[in-house]
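The next block holds one structure in the form of structure tokens; read it before the comments.
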Protein chains: 2
Amino acid sequence: MANLQDVAQRAKVSKTTVSRYLNGSLELPKRTAEAIDTAIRELDYVPNAHARRLSLGRSETIALMVPDISTPFFSTFVASVEAEADRRNLSLSLHATLNRREREISYLDHIRQGRADGLIFITNHAGDAALADKINTAGPCVVVDEDVPAARVPKLFCDNEAGGYAAGRHLAEIGHRHFLFIGGVDEMISGARRHAGFLRGVHEVAGEAARVERACGPYTFEAGRSAARAFVARGDTRPTAIFATSDELLIGLYEVLRDSGLSVPRDVSIVGFDDVGPLHLFAPAVTAVRQPVRELGKRALELLLDHKPEEDGTLPQEELLPVTLIERDSVAPPIRSA
Amino acid sequence: MANLQDVAQRAKVSKTTVSRYLNGSLELPKRTAEAIDTAIRELDYVPNAHARRLSLGRSETIALMVPDISTPFFSTFVASVEAEADRRNLSLSLHATLNRREREISYLDHIRQGRADGLIFITNHAGDAALADKINTAGPCVVVDEDVPAARVPKLFCDNEAGGYAAGRHLAEIGHRHFLFIGGVDEMISGARRHAGFLRGVHEVAGEAARVERACGPYTFEAGRSAARAFVARGDTRPTAIFATSDELLIGLYEVLRDSGLSVPRDVSIVGFDDVGPLHLFAPAVTAVRQPVRELGKRALELLLDHKPEEDGTLPQEELLPVTLIERDSVAPPIRSA
DNA sequence: CCGGTTTACTGAACCGGTTTACCGACCGAA
DNA sequence: TTCGGTCGGTAAACCGGTTCAGTAAACCGG
């Protein structure tokens, strides 16, 4: 393959000239410019990205770390980051961590190796100090969706508290007084904030009469199924409304409920969270708090690229994107008084 | 940041020694090895990936081009490729083409720039000669899921014909004689083969009595909706069974049917294709031909890495992965005789 | 004590760009 | 005639690894 030198030789100029001409740091008279253009065409010259990157010290690539790519939430997120990256002529290097710490840490080293100029980081487990430390020293990074508390980098979340609040109010206003909140452990802000918001919404409407139970767990199908099985097994002491705080939890929940003979929303009302999958086609269509996933992706990249490292000693900002409650058919007034 | 030279100096050896030691091309006595290890630790040395790549002439990265990342089918595919790439210590560079030729072509140039050592290419429109030419000259590449006819590279598809056949037989065996096939234009092998298989399956069971109509179009929600609207508008001359040949088509179809008052499977039986989304939770649960998406991703990378460029002049192989018909609740015998 | 082998390393070229610092020719003005 | 400035470039260092082709010293058998 032809390189700069070959082009220069053929155009009877120096490497420097060709390089500067191509980067626009040198105006050339028409004759010379044409000679170079011709040489490039004839040799089918394509610049070598590695040489360029080594020389420039950057990779024109940003890395994206997510727990799993195949879930609708993350894949939509990835798609929106990719679109924004492409708009800026950046490559996107994608890594699935499967929520495992050692993978997260090893990928963080990739950044230091120069494989990426910046990182958008999503984890789904409560971060620890070692992880935060890696993040703080890895280079440009933004943390999205779930907090890593000790990380001193820009952060971007959806408004989890407001989402929980909307779900809580909605269910309480329609008459429910006994609730099951599924998902999230308190170390994770999405769980803690959705829960706090839910409590606030419920109590604001229903006062102290309301009872909110909680089934903690990760945002997985299996956690949804297992919470649902426990729910079904309780018989008449069951809450009348469930807030399933992720699409996966909701799907697991739906699977078990559908097999259990319980009917939604007659026997139990349900509100979901995320609303990225085709929840409107489920039986019945699911009322859910919708996360602005595409905006999340776009904004994450903006934050990453526009953020200037702490000018003073202040902490980088934490930004919240608004959520929306989408009403469908999975919520109705309670029949039983539980 | 420390580089190889710094490490060498500190360990009182040469760059060469450190480099070869790290790459395992040199055995060292314990004392020297320890000196180097210590120097690396003390300087917090991390090798520079760009320098390494330039020197080695490869990028330890493979590129993946898909039309869209956010659909369940592609995101699952991406996830499986990523997993396999990670297992082999390769980075994955992700690109969404949005099915646009100029994007496909421009990304293909990335390969020649050395940004990736190989490419897994998926397109969703009938490829043309210019595209095939780019593919043939871009470097290591495999074409997956949909054909680019003139490309002389390994190809990997699911067994579309067998999938169509299974769907056709299944619907015919249960009593249907009048069908609507939705999706795919004939220039695309997935469409052509699914259609051919469907016809074969139907006619094998129902003989010449069977009528198969076809609504061509891309694999999109909107095409599904529009085919469904046309279907609903026909009133009593409607076919009694529909084969919707992608998850997106199926979802569009379901949306319109659900609003139209037609009931599945009483008024119309439906078989889908892909079966990646949570089709088992739809109302009613969808009978569908399942593609082995994860195997597709894993195998694609294997083909890419293990394929040696045409040893003789023969065309690289085309490989087919088997599909499965998953029976659920969207198929029943026809009521009306249409 | 000599020649050959092994051990333990090393110098310098090379990958292919970018960039700094500088140079020679020509032109217009003083 | 000489000085300064613009035009049109260029030589060479640099980015940070890998690797070919050796070499110096120790060792060892005869």
Side-chain angles (χ1 to χ4, degrees), chain A residues 1-37 39-40 43-61 89 91 109-117 139, chain B residues 1-37 39-40 43-61 89 91 109-117 139:
Chain A
M1 276 202 77
N3 62 18
L4 248 194
Q5 181 72 282
D6 301 333
V7 173
Q9 232 157 58
R10 184 155 195 132
K12 298 199 199 342
V13 291
S14 73
K15 272 172 63 169
T16 311
T17 305
V18 180
S19 173
R20 296 188 55 192
Y21 168 62
L22 290 177
N23 296 319
S25 78
L26 185 61
E27 290 290 283
L28 285 182
K30 213 192 292 181
R31 292 208 33 167
T32 317
E34 270 167 14
I36 294 178
D37 290 337
I40 289 177
L43 294 171
D44 195 20
Y45 168 73
V46 178
N48 179 304
H50 299 315
R52 184 183 160 78
R53 289 170 178 183
L54 173 59
S55 193
L56 254 28
R58 45 186 155 82
S59 44
E60 286 151 327
T61 296
N89 277 314
S91 288
D109 278 331
H110 282 18
I111 309 281
R112 295 219 314 153
Q113 293 181 358
R115 289 152 175 259
D117 299 332
Chain B
M1 275 202 76
N3 61 20
L4 204 57
Q5 179 72 277
D6 302 333
V7 173
Q9 232 156 59
R10 184 153 194 135
K12 300 201 199 340
V13 291
S14 73
K15 272 171 63 167
T16 310
T17 304
V18 181
S19 174
R20 297 188 55 193
Y21 169 62
L22 291 177
N23 295 319
S25 77
L26 184 62
E27 291 290 284
L28 286 180
K30 213 192 295 182
R31 291 207 35 168
T32 318
E34 270 166 13
I36 293 178
D37 290 337
I40 288 176
L43 294 171
D44 195 19
Y45 167 73
V46 179
N48 180 305
H50 298 316
R52 184 181 161 78
R53 289 170 178 182
L54 173 59
S55 194
L56 253 28
R58 47 187 155 81
S59 45
E60 288 153 324
T61 295
N89 276 315
S91 288
D109 278 331
H110 282 19
I111 309 281
R112 296 219 313 153
Q113 293 180 359
R115 289 153 176 258
D117 300 333

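Below, chain A is the first sequence line, B the second, and so on; all start at residue 1.
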Return the value, rounded to whole Å, for the distance between atom [atom1] of [X] and atom [atom2] of [N].
X	N	atom1	atom2	result
B/Arg52	D/dG17	CZ	C1'	9 Å
B/Met1	D/dC15	CE	C1'	14 Å
B/Asn23	D/dT19	CG	P	7 Å
B/Lys12	C/dA8	NZ	C1'	17 Å

Strictly by Watson-Crick or wobble contacts shorter than 3.5 Å, is anything paired with [N], and which nucleotide is it?
N	result
D/dG30	C/dC1
C/dC22	D/dG9
C/dT7	D/dA24

Contact under 4.0 Å: [X] side-chain N or O vs [N] OP1/OP2:
X	N	answer
A/Ser55	D/dC15	no
A/Thr32	D/dG9	yes
A/Asn48	C/dC15	no
B/Thr17	C/dC9	no
B/Ser19	D/dT18	yes

So if I take every side-chain heavy atom of [X] and compare against [options], which nucleotide ends up nearest?
X	options	answer
A/Leu26	C/dG16, D/dG9, C/dT10	D/dG9
B/Asn3	D/dG17, D/dT18, C/dG17	D/dG17
A/Leu4	C/dG17, D/dT18, C/dC9	C/dG17
A/Leu54	D/dG16, C/dG17, C/dT18	D/dG16
B/Lys15	C/dC9, D/dT18, C/dG17	D/dT18
B/Thr16	D/dG17, C/dA12, D/dT10	C/dA12
A/Pro29	D/dG8, C/dT10, D/dT18	D/dG8

Quick one: does [X]'s side chain have a donor or acceptor within less than 3.5 Å of a partner on [Y]'s backbone?
X	Y	answer
B/Thr61	B/Ser59	yes
B/Arg20	B/Ser25	yes
B/Arg58	B/Asp117	no
A/His50	B/Gly57	no

If only side-chain N and O atoms count, and only distance matters, is there a donor-acceptor pair under 3.5 Å linking B/Ser14 with B/Thr17?
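There is such a pair between these side chains.
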Hey, does B/Asn48 have a side-chain heavy atom less than 4.5 Å from the side chain of B/Asn3?
no
Taking for A/Gln5 and for B/Val18 the nucleotide of DNA chain C with the nearest heavy atom, the one nearer the 5' end belongs to B/Val18
Q: Using a 4.0 Å heavy-atom cut-off across all strands, classify B/Tyr21 as base, sugar-phosphate, or nothing.
A: nothing
- Task: Tell me what A/Arg20 touches on the nucleic acid: a base, only sugar-phosphate, or nothing, going by heavy atoms under 4.0 Å.
- Result: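 A/Arg20: base contact, heavy atoms under 4.0 Å.
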